[in-house]
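Take a look at the structure set out below.
Numbers restart at 1 for each chain; the letters A, B, ... are given by sequence-line order, proteins then strands.
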Protein chains: 2
Amino acid sequence: MITIKEHFNKYHRFLSKLPLFKGILEDDLTNFFRSMQVKQFHKGEMVTFNMDEHSKLYIVYEGLFKLTKIDEKGDEIVLSILDQGGVVSPMHFSPYYDVCAEFIKNTTMFYFTEKAVNDFSTKNHQFSINTIKFLADSVQTLMISAEVLQLKTAKEKVGWYLVHAKINNTFKLPYSKSLIASYLGMKPESFSRALTELKKDGVTLENKKIVLENGDELCKYCDKVSGSNCAFFQTELCIHD
Amino acid sequence: MITIKEHFNKYHRFLSKLPLFKGILEDDLTNFFRSMQVKQFHKGEMVTFNMDEHSKLYIVYEGLFKLTKIDEKGDEIVLSILDQGGVVSPMHFSPYYDVCAEFIKNTTMFYFTEKAVNDFSTKNHQFSINTIKFLADSVQTLMISAEVLQLKTAKEKVGWYLVHAKINNTFKLPYSKSLIASYLGMKPESFSRALTELKKDGVTLENKKIVLENGDELCKYCDKVSGSNCAFFQTELCIHD
DNA sequence: AACAATAATTGATCCAGATCAAGAAAAGAA
DNA sequence: TTCTTTTCTTGATCTGGATCAATTATTGTT
């Protein structure tokens, strides 16, 4: 039997490793984490993050879901895919803005109320800095997404995603193909066809593992920001100068 | 002859009215504004906001330009259109991320160095709050853009932009049609054709002024966030409940 | 007022990716 | 294992907006 305290310690260790809480004193964190609440969501569930009820800051402890916008026709765009460590902060949005969370796996989230977050921010400047960093990263990610979604062809989109996965997830596709396709703003059929195109260039998927003939086949799809995490960044093997 | 001091006072008055500096004591602002620097850009100029030189916070005093990303093929996406009061903060981005600023009019910008901004943020919590608000608004705007650009048809995009202009700019198109077209991710030809479609529904443009037959022709294109600034928001005349 | 230069419109054609449909493969469940 | 359900692939067809090309408006300049 695991006690509540043991649970709390486990959660605490998990949270304190997140970028949002980096560089903050143990004691300050412990205090803030006391206000933490837990919520479970089930696979298949769809929740609207509107302001009335969700003016909070959410952190994913485990699970998987996508943040989407759905229009009248039923078409959807995927704003982001969130799993362990992911952060959503509806508290920062307009009271009239809402997004839809579609849960792909059973998901456990921690949340803090707007008041608790703002109070902590007032008392702890490092937390304000981390919040600014988190939001700035979101801005940058959204700008890069806009670029990828609007400017790239189907093949380039998939190539871009694969090189991403190669660099950050060690050659493994983290999600199902259809989920990635929807994230890239394309249909599963087009994703599949793009993969056959890439196969001709020496890029194969073997059970979600990316297999390359020479090793540099995906480099041309790499953007500099995610590229900066690559082992070969700015060496003679890298396309980025 | 206008003295430097008079200039500074004029600039100071302008800056202190911006949301970014709301709720901050006069004295604190005066002190921070001392570190302000001014830079002019010319119509037609193109500048890459890369980190090496532009790790700063920029504020538009007057002029007009667009922030874009351009790919190898020469295709571009417009990330945002900036005029008086607009803020760009390359200092918050990754050192490997760069955007291109294309100046449409001669433009005067103020800027603060990353260090000055961070120091001010440390000393003044309200400025941190305002920075968080600014970035959160950027996130939300980008999410709404993503939705509009990916989900809407050409006609809907133009309708959405017009209803925007109707609510915020009192029935006036703020920029040229081609600029708006590129912001909406479409070609001027498609923009023009979308306008002819809208004309059939009673929406006419007379020298950049939006003229409506009944008055509610654009309501169906309205999103709730910009809709909340409409005079009829949540009355029986509004589609939003 | 006359003349660029730039912006906007209109028509004809094209194409990448969506849609529709059917089957194959993989993942879960019993 | 077998059966069911979901995911993925492949082929045929369709379509909205892009592209190309030619005028026509508008704006700014001398």
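Rounded to 10 degrees, the angle separating the terminal axes of the helix from C/dA1-D/dT30 to C/dA30-D/dT1 is 50°, with each axis obtained from five end pairs.
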Distances under 3.5 Å only, N/O to N/O: pair up the protein atoms with those of nucleotides 25-30 of chain C.
none

Restricting both atoms to N or O, compile the protein contacts to nucleotides 13-15 of chain D shorter than 3.5 Å, with distance only.
none

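Using a 30° and 60° split on the angle between ring planes, B/Tyr161 and B/His164 fall in the parallel class, below 30°. Using a 30° and 60° split on the angle between ring planes, A/Phe110 and A/Tyr11 fall in the tilted class, from 30° to 60°. Aromatic ring pairs are classed by plane angle as parallel below 30°, tilted from 30° to 60° and perpendicular above 60°; the pair A/His240 and A/Phe233 is tilted.
Qualifying salt bridge (charged side-chain N to carboxylate O under 4.0 Å, His left out) partners for B/Glu217, counting only residues two or more places apart in sequence or in other chains: none. Every residue two or more places apart in sequence or in another chain that forms a ring pair (Phe, Tyr, Trp, His ring centres under 6.0 Å) with B/Phe41 is listed here: B/Phe103. Contacts of A/Phe232 classified as ring pair (Phe, Tyr, Trp, His ring centres under 6.0 Å), with partners at least two apart in sequence or in another chain: none.
Residues from residues 146-163 of chain B with heavy atoms under 4.0 angstrom of DNA chain D, sorted by number: B/Thr153, B/Ala154. Near DNA chain D, defined here as any heavy-atom distance below 4.0 Å, the residues from residues 186-199 of chain B are B/Met186, B/Lys187, B/Glu189, B/Ser190, B/Arg193, listed numerically. Residues from residues 64-78 of chain A placing a heavy atom under 4.0 Å of any atom in DNA chain D do not occur.
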Donor-acceptor contacts, no H, no angles, side chain residues 199-208 of chain A, under 3.5 Å, sequence neighbours left out:
from	atom 1	to	atom 2	distance (Å)
A/Lys200	NZ	A/Glu197	OE2	3.0
A/Asp201	OD2	A/Lys155	NZ	2.9
A/Lys208	NZ	A/Tyr175	O	3.3

Can I get a per-line list of side-chain donor-acceptor pairs under 3.5 Å for residues 186-193 of chain A, giving both atom names and the distance, sequence neighbours left out?
none

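Atom CE of A/Met143 and atom CD1 of B/Ile77 lie 9.0 Å apart (nearest 0.5 Å). With rounding to the nearest 0.5 Å, the separation of OG in B/Ser182 from CD in B/Glu76 is 6.0 Å. How far OG1 of B/Thr141 is from OH of A/Tyr97: 9.5 Å, rounded to the nearest 0.5 Å.
For the pair A/Lys177 and D/dT9, the criterion of a side-chain N or O lying under 4.0 Å from OP1 or OP2 is met.
In this structure, B/Tyr58 has its ring center closer than 6.0 angstrom to the ring center of B/Phe49.
By the 6.0 Å and 45° rule, B/Lys157 does not stack over the aromatic ring of B/Tyr183.
The CG-P distance, from A/Leu184 to C/dA18, rounds to 11 Å in whole Å. B/Ile104 places its CD1 atom 16 Å from the C1' atom of D/dT27, with the value rounded to the nearest Å. Regarding A/Tyr175, its OH atom lies at a distance of 20 Å from the C1' atom of D/dT6, rounded to whole Å.
Heavy-atom contacts from other residues, nucleotides or ligands closer than 6.0 Å to NZ of A/Lys209 number more than 12.
Between B/Lys69 and B/Asp71, every side-chain heavy-atom pair lies at or beyond the 4.5 Å cut-off. Taking 4.5 Å as the limit, some side-chain heavy atom of A/Lys177 sits within range of a side-chain heavy atom of A/Leu195. Contact check for B/Pro90 versus B/Met51: side-chain heavy atoms found under the 4.5 Å cut-off.
The side chain to side chain donor-acceptor pair (under 3.5 Å) pairs that include a residue from residues 219-233 of chain B are B/Trp160-B/Asp223, B/Asp223-B/Ser226, where partners are two or more places apart or lie in different chains.
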